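Worksheet: one structure, shown below.
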There are 4 protein chains.
Amino acid sequence: MPPAISPTRRRARRKDARPGEIVEAALGLFAERGFAATKLEDVAAAAGISKGTIYLYFPTKEHLFRAVVRLAVLPNLEAAMALAADPERSAADTLRLLAERFLELLDSDLTAIPKLIVAEAGNFPALAQFYADEVARKGMALIRGVLARGIARGEFRPVDLDGALPLFSAPFLLLALWKHSLGRHTDIEFNPRAVVATHLDVLLRGLAAEAPP
Amino acid sequence: MPPAISPTRRRARRKDARPGEIVEAALGLFAERGFAATKLEDVAAAAGISKGTIYLYFPTKEHLFRAVVRLAVLPNLEAAMALAADPERSAADTLRLLAERFLELLDSDLTAIPKLIVAEAGNFPALAQFYADEVARKGMALIRGVLARGIARGEFRPVDLDGALPLFSAPFLLLALWKHSLGRHTDIEFNPRAVVATHLDVLLRGLAAEAPP
Amino acid sequence: MPPAISPTRRRARRKDARPGEIVEAALGLFAERGFAATKLEDVAAAAGISKGTIYLYFPTKEHLFRAVVRLAVLPNLEAAMALAADPERSAADTLRLLAERFLELLDSDLTAIPKLIVAEAGNFPALAQFYADEVARKGMALIRGVLARGIARGEFRPVDLDGALPLFSAPFLLLALWKHSLGRHTDIEFNPRAVVATHLDVLLRGLAAEAPP
Amino acid sequence: MPPAISPTRRRARRKDARPGEIVEAALGLFAERGFAATKLEDVAAAAGISKGTIYLYFPTKEHLFRAVVRLAVLPNLEAAMALAADPERSAADTLRLLAERFLELLDSDLTAIPKLIVAEAGNFPALAQFYADEVARKGMALIRGVLARGIARGEFRPVDLDGALPLFSAPFLLLALWKHSLGRHTDIEFNPRAVVATHLDVLLRGLAAEAPP
DNA sequence: TATGAATGAGGATTCATTCAT
DNA sequence: TATGAATGAATCCTCATTCAT
């Protein structure tokens, strides 16, 4: 026999779940249509609630947008940082793991976030700043750490860190953007797994320390 | 002494120049604010004409958008294709020249086009298809040709062409997007020249055929 | 030792008090913000109950408004009528007592009622009628009676009763409206006691029967 | 033959007239329904234009409200001040002229302004301040000047100026408010001319200097 | 009785587009 | 051709009211 749940408890559970449900519905629609072109009424419908209910949890459409970005980004950023922090792992293996993680994410709507940020940065400077400072900066520090470790350990030759910083991420960005923009409107297809495999192969070779004579 | 031009002639010249002036003004504003957030009234003001006049040359805002994309993209694509077609040039040098060309473009507003496409693909499927087919497809064919030539000439080792295709362009895309979105809202800066130099260095090493024993 | 009150009894007492508590809270907020700008949620909070509970006692916001008006007005109107009915008292003294009573009321929120009526008459015709018929008409009859008595007793010279009717009340109305509208937004201040004293002085002289030669 | 008017001129005349037409239509509806209950769509309809056109001349509903107040009040205040400034006129005659002027105004919608101010002061503090400072303060200074002149000239006995200040205006306020609120919803009627006549009669007697022995 | 989550009608505002001049 | 005043569809947000608990 399951433990009895008081009516109050059951209601509370509903209330606790709502913001997440709304954010999830919003992510899907924002990913598909962009921020401006998404009507809150449609978000509500997608979440199975009514327009007004959204406003019980988010004071404006922009706040909902921020919540979407936060919720979609922060857990993954933290996971990536934890993964990159392991001092035992070689730099190459760390990059491979990060790449693997990205491929998993690519099936969800989460990778629509960069598209949304790119599209709306101009209209939401505060959000752009938040993303730049909280996500981009941290992500870049993460990569910089891995590259520096690789160089220190003799895996990689000493390259210009500032110049090398974007190189690892750039193809992932391209794949994510493609999927959520042009990819929906053309039959040109990328095979993400192949692209990522080639990327790692080429990048790691390109960075590899010279073979000792 | 230049030949006298009758007022009628002058008017005609003006008329011919108008669409270009409007498109240029629109590009600047679209680059800054995005498509939806740009008012046609502001485009008109930037072009030094009145709102109604735009409609003498472009039936809708979307048509103007298409003209912007076409005008901003096609000349450069053609230049790049011409550049890549030279059978004398090594693959590596071709990539270097393309990179150099990109760096020159980065100072203009032209590199805002990818941001616009990414942002608006969902709202303008026809435009997305046009861009995918006319620009992306041709650009990819161009790169594929260069890589294939490099492999054929023994410059590059035989890599998976489909997987390698986006690798060359990805950092350029990242730099262009950064400049027109987050870059405007943070003090994090990239040095495009350094990034591109490192990119070429790493990529060309990563692709290089094994040194003979 | 007070007699024990069963929980049920206490609840009942509470229930009886509720409507009054709600009306009181509503009067305070209506006085401050007006009817339309007052949210029932705020009334509920001020009364220490929840939004839904108001609907157990008042079917609509308008009904609550009516209750506020009735409760705030009727007791005072009755007191004034009782006061004016005393056939012993001179007309001048009656007016002085009414003025004194008004000055006492001016410290409470009750004098916000005229402002509310003026503001909302257009939106609540039924309320306007109720107020006109039940309050204004009776108040005017009261004043008319006092004036008529004063004339009959030889205190006042015979003036046009219809023309004189509003003269006594007008400064009180002005003071009440000022306090609840402009008075909140400027440093111009009236001294109600001085205004009322001067009003009585001037009015009673102005009405006074000619001194016998 | 009337002088030819260029199309541009004719259009310009239309444009110049628009704000006034809109303000007039708005005054009528605000007077009838109050600010909040008046839809801009109805104002537009009353002015014979469409919703959007209002926004060509007034950035928000509140700005329109301010324009209504300014336009309705300032000309009359200035006329009153000019009238009161004549040093030849006796204080009593000045008050009579002011009263006469008010009676003329009472037929228009202009006297709805006090009702609007009273009703909306809480929601538009800035407007309330404007009205208090620009209208009420100046109006009071005007009356104070007339009373002081009357006392100085020996027409009036020396009364407490602060206490006497609101006495002249109060019945006019009452008449204006009555007309635009309760007056619309009851058959109780005031005869403004009779009220004003009695008011002047009583007030001037009440203020009159003691007859010399 | 009491709660407070959910509803949805209603209105201010924006801006692409039209059209009389 | 060129203008810019006018239009009205579209959408965010508020809050009185309902109702499951």
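The structure presented is a predicted model; accordingly, all values stated were derived computationally and were not measured. A, B, ... follow the sequence lines: proteins, then strands. Residue 1 opens every chain.
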Is the side chain of B:Lys115 donor-acceptor paired with the backbone N or O of B:Ala31 at a distance under 3.5 Å, no angle test?
yes
Just by distance, do the side chain of C:His185 and the backbone of D:Ala121 share a donor-acceptor pair under 3.5 Å?
yes
Hey, could you give me the OG1/NZ distance between B:Thr38 and B:Lys61, rounded to the nearest 0.5 Å?
6.0 Å
Can you measure D:Phe58 atom CZ to E:dA12 atom C1' for me and round it to whole angstrom units?
16 Å
D:Asp42 atom CG is separated from E:dA12 atom P, nearest whole Å, by 9 Å
So, do B:Leu40 and B:Leu64 sit near enough that their side-chain heavy atoms are less than 4.5 Å apart?
yes
Neighbours of DNA chain F within residues 59-71 of chain C, by heavy-atom distance under 4.0 Å
C:Thr60, C:Lys61
Mind checking what makes side-chain hydrogen bond (donor to acceptor under 3.5 Å, both in side chains) contact with A:Glu24, not counting sequence neighbours?
none
Select base, sugar-phosphate, or nothing to describe what A:Leu40 touches, counting heavy atoms under 4.0 Å on all strands.
sugar-phosphate
Only residue of C:Val68, C:Leu110, C:Ile113 satisfying side-chain contact (heavy atoms from CB on, under 4.5 Å) with C:Val73 is C:Ile113
Please report the closest heavy-atom contact between A:Ala25 and A:Val43, naming both atoms and the distance.
CB-O, 3.9 Å
Nearest-0.5 Å distance, CG of residue D:Leu127 to CD1 of residue D:Ile117:
4.5 Å
Using side-chain hydrogen bond (donor to acceptor under 3.5 Å, both in side chains) as the criterion, list what pairs up with A:Asp109, not counting sequence neighbours.
none
For B:Phe35 and B:Leu116, which heavy atoms make the closest approach, and how far apart are they?
N-CD2, 4.0 Å
Between C1' on E:dT13 and NZ on D:Lys51, what's the gap in Å once rounded to a whole number?
9 Å
So which nucleotide from E:dA2, E:dT17, F:dT3 ends up closest to the side chain of B:Tyr55?
E:dT17
5′-ward residue of the pair C:Gly52/A:Gly52 relative to DNA chain F
A:Gly52
Could you state the atom-to-atom distance from CG of C:Asn123 to C1' of F:dA16 in whole Å?
15 Å
Distance under 6.0 Å and angle within 45° of ring axis: A:Arg70 vs A:Phe130:
yes
Please determine whether a side-chain nitrogen or oxygen atom of C:Tyr57 lies at a distance below 4.0 Å from atom OP1 or OP2 of E:dT1.
no
At less than 4.0 Å, is any side-chain N or O atom of C:Arg18 found next to OP1 or OP2 of E:dA2? Yes or no.
yes
So, is C:Thr53 near the phosphate of E:dT3, with a side-chain N or O under 4.0 Å from OP1 or OP2?
yes
How long is the line joining CD1 of C:Ile49 and P of E:dT3, in whole Å?
7 Å
Summary of salt bridge (charged side-chain N to carboxylate O under 4.0 Å, His left out) pairs that have at least one residue in residues 27-45 of chain D, sequence neighbours excluded:
D:Arg33-D:Asp42
Which ranges of DNA chain F pair up as stems, where a stem means three or more consecutive Watson-Crick or G-U pairs with both distances under 3.5 Å?
E:2-21 with F:2-21
Let's see if you can work this out: which of E:dA5, F:dA2, F:dT7 has an atom nearest to the side-chain heavy atoms of A:Leu56?
E:dA5
Tell me which residues in residues 30-39 of chain D put a heavy atom below 4.0 Å from DNA chain F, sorted by number, or none.
none
Rounded distance (Å) that lies between atom P of E:dC15 and atom CD1 of B:Ile54:
14 Å
May I have the distance from B:Glu41 (atom CD) to E:dT17 (atom C1'), rounded to whole angstrom?
12 Å
Between E:dA2 and C:Ser50, is there an OP1 or OP2 to side-chain N/O distance shorter than 4.0 Å?
no
